[in-house]
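Everything numeric here is computed off the predicted structure, so don't read it as measured data.
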Amino acid sequence: MKRRHFLLALAGGAALAWWLKPGDQGHPHAPYFQTLNDTLREGPGRPLLLIDRERLAANCAQLMAGLPAGRHYRIVAKSLPSVPLVREVMALTGTRRVMVFHQPFISAMAAAEPDCDLLLGKPMPVSAAALFYQTLPANGFDPDRQLQWLIDSRERLEQYLALARRLNRRLLINVEIDVGLHRGGLTGTEQLDELLALIHAHPEHLAFSGFMGYDAQVGKLPGWIEDRDTSLRKSQDRYRAFVERLYQLEPAYRKQSLTFNGAGTPTLRLHGDDTPLNELAAGSCLLKPTDFDLDTLEDFQPATFIAAPVLKRLPGLQLPGPLPLGEIWSWWDPNRRQTYFIYGGAWKAEPASPQGIRANPVYGISTNQMMFNGAPATALREDDQIFFRPTQSEFVLLQFGDLAVIEQGRVHAWWPPFPQQPETAPVAARTGAADAT
């Protein structure tokens, strides 16, 4: 009886395994990627970060067409971390407004585009602000008019006041407000009073320039906790409360051109003509990495890819160790019957082409030669490319050197990414205070 039960269980397990057996998902490159693959077989033979210039232009057009009436667009530079890339978006959207999040990026934009308008996207240590002024280019960029420092507390404002006094400059102060994300900034409108009082007490060194309130929390909660529309309404009501408090404290600000910045790629399309913002910031939607495959961005196209050369093509699946796990696995899953080792790997990215390519979780992650498997129909050879979509752009675009700009399937230009330190940084900043003394 026990033997019969064992045989029945074995047969049932085999039937279940066969029922769960994956189908063959392998296909060769689609025409778009095949054209790129053919081009890059004669390329530099290393992983490349690709920017599709035509798709970028189409995404810029979509963004501007959907902007609420009378509102401005501000480019988020951390999501497009390259001066030529930002410059391209400037030309396509007609804006000179840029949001910056990293001290070397501030310096790079001020040096490259002396007529740009810069707003900090996060509060900076005052030492970073001081370094910016030490490396200020003599090209006409005037930070007293064109650069808004983000302040999130009285303590930080006092630090910036001390810097302004030391430099004998007048700093534009934009105040970060918490509209629901709870990542810092003013949480109550009454906190604005003491900041404005301090700014107004030192008009020769400080000037209030507006608010910044990031609403990335909108749409992130499960609908049964709070639906997206309710979250957006609460966020906008918080923003309006700060604006109303500002005008109550100082009615003259109603007639001034202030910056009321907010949004971001996840919430860009949720803001309508009734938004309290007068400018909306976004960047990632123009390249559309996978983290931004959102229902509100369905009309935007992926415009950036990683191309990684195939170094080795091996039949079947062989895994280290004494057990024939690879042979069994590839028999059961047709999508494991071809092995490819690529040049590099472990990027924040997902395979995009050929269809059916996947990493091998048992073999593990490698930044040198990472294993991918596919069905025979993927039909890759050595020196062909596997293409990936980055999950995000702000970090990934800084990992590959110059960005390869493609147009009509060909490499049209090479755009350098942002530098990681100011090119004219003083010796003390480059080598450390101990080395400089």
Side-chain angles (χ1 to χ4, degrees), residues 62-64 66-76 78-79 95 97-101 119-123 148 150-153 156 173-193 195-196 208-249 253-254 258-286 291-298 300 392 394:
Q62 290 288 354
L63 184 151
M64 297 307 293
L67 209 61
R71 271 56 173 200
H72 300 285
Y73 167 55
R74 187 174 291 271
I75 301 167
V76 175
K78 72 178 176 62
S79 303
T95 188
R97 302 172 186 231
V98 182
M99 179 177 280
V100 280
F101 293 77
L119 168 64
L120 269 292
K122 64 185 177 188
Q148 302 178 56
L150 194 66
I151 296 299
D152 59 335
S153 67
R156 198 180 304 273
I173 302 300
N174 191 292
V175 175
E176 182 180 20
I177 57 177
D178 181 3
V179 294
L181 185 59
H182 304 326
R183 194 177 65 181
L186 305 192
T187 57
T189 56
E190 71 282 354
Q191 294 174 310
L192 180 62
D193 300 25
L195 266 65
L196 282 181
F208 177 78
S209 64
F211 294 124
M212 193 283 287
Y214 186 40
D215 59 6
Q217 80 283 356
V218 173
K220 292 295 179 64
L221 292 173
W224 58 271
I225 296 178
E226 183 173 271
D227 65 79
R228 187 166 69 184
D229 291 343
T230 300
S231 182
L232 178 65
R233 176 180 53 78
K234 288 182 176 179
S235 175
Q236 293 186 342
D237 286 347
R238 283 173 180 258
Y239 209 119
R240 289 190 186 94
F242 276 97
V243 175
E244 290 169 4
R245 182 68 172 181
L246 172 70
Y247 291 157
Q248 178 186 3
L249 293 171
Y253 280 127
R254 290 181 181 274
L258 299 176
T259 297
F260 296 149
N261 178 275
T265 285
T267 60
L268 175 71
R269 288 293 187 82
L270 303 179
H271 287 267
D273 292 346
D274 62 342
T275 179
L277 311 177
N278 60 22
E279 67 169 43
L280 284 75
S284 294
C285 58
L286 302 182
D291 284 352
F292 300 93
D293 286 342
L294 307 173
D295 63 321
T296 56
L297 301 175
E298 289 180 348
F300 287 74
Q392 52 120 286
E394 58 195 66

| said: Any carboxylate oxygen within less than 4.0 angstrom of a Lys/Arg side-chain nitrogen, looking at Asp237 and Lys234? | reply: no
| request: State whether the side chain of Thr95 and the backbone N or O of Tyr73 hold a donor-acceptor pair below 3.5 Å, judged by distance alone. | output: yes
| note | When Tyr247, Phe208, Phe211 are each screened for ring pair (Phe, Tyr, Trp, His ring centres under 6.0 Å) with Tyr253, the one that passes is Phe208
Hey, does [Y] have a side-chain heavy atom less than 4.5 Å from the side chain of [X]?
X: Leu246; Y: Leu196; result: yes
X: Asn174; Y: Asn261; result: no
X: Asp215; Y: His271; result: yes
X: Thr265; Y: Val76; result: no
X: Leu277; Y: Gln236; result: no
X: Met212; Y: Met99; result: yes
X: Val100; Y: Leu120; result: yes

For a quick test of reading the model, state the closest non-hydrogen atom pair linking [X] to [Y] and the distance between them.
X: Arg71; Y: Glu279; result: CG-N, 4.4 Å
X: Leu192; Y: Phe242; result: CD2-O, 4.0 Å
X: Arg238; Y: Asp178; result: NH1-O, 3.6 Å
X: Gly66; Y: Arg269; result: CA-NE, 4.5 Å
X: Gly213; Y: Val179; result: C-CG2, 3.9 Å
X: Ser153; Y: Leu195; result: C-CD1, 4.3 Å

| query | Does the pair His182 and Gln217 meet the rule for a side-chain hydrogen bond (donor to acceptor under 3.5 Å, both in side chains), with working shown? | reply | CA-CA 9 Å; His182 304 326; Gln217 80 283 356; over 6 Å; no
| request: Assign the ring pair Tyr239 / Phe260 to parallel, tilted or perpendicular, where the plane angle (0 to 90°) is split at 30° and 60°. | output: perpendicular
How would you list, by chain and number, every residue that makes a side-chain contact (heavy atoms from CB on, under 4.5 Å) with [X], sequence neighbours excluded?
X: Arg228; value: Val218, Leu270, Asp295, Thr296
X: Glu394; value: Lys78, Ser79, Gln392
X: Asp229; value: Asp227
X: Pro123; value: Leu150, Asp152, Arg156, Glu176

Rounded at 0.5 Å granularity, tell me how far [atom1] in [X] sits from [atom2] in [Y].
X: Arg233; Y: Arg240; atom1: CZ; atom2: CZ; result: 10.0 Å
X: Asn278; Y: Arg74; atom1: CG; atom2: CZ; result: 9.5 Å
X: Leu280; Y: Leu268; atom1: CG; atom2: CG; result: 6.0 Å

| field | Pair listing, ring-ring contact (aromatic ring centres under 6.0 Å, His included) test, anchored in residues 218-238, at least two apart | value | none
| task | Verify side-chain contact (heavy atoms from CB on, under 4.5 Å) between Asp193 and Arg245, making sure each step is shown before the conclusion. | result | CA-CA 9 Å; Asp193 300 25; Arg245 182 68 172 181; 2.5 Å; yes
| Sequence neighbours excluded, which residues qualify as ring-ring contact (aromatic ring centres under 6.0 Å, His included) partners of Phe292? | none
| Where do Cys285 and Leu63 land on the side-chain contact (heavy atoms from CB on, under 4.5 Å) test, with the steps shown first? | CA-CA 8 Å; Cys285 58; Leu63 184 151; 3.6 Å; yes
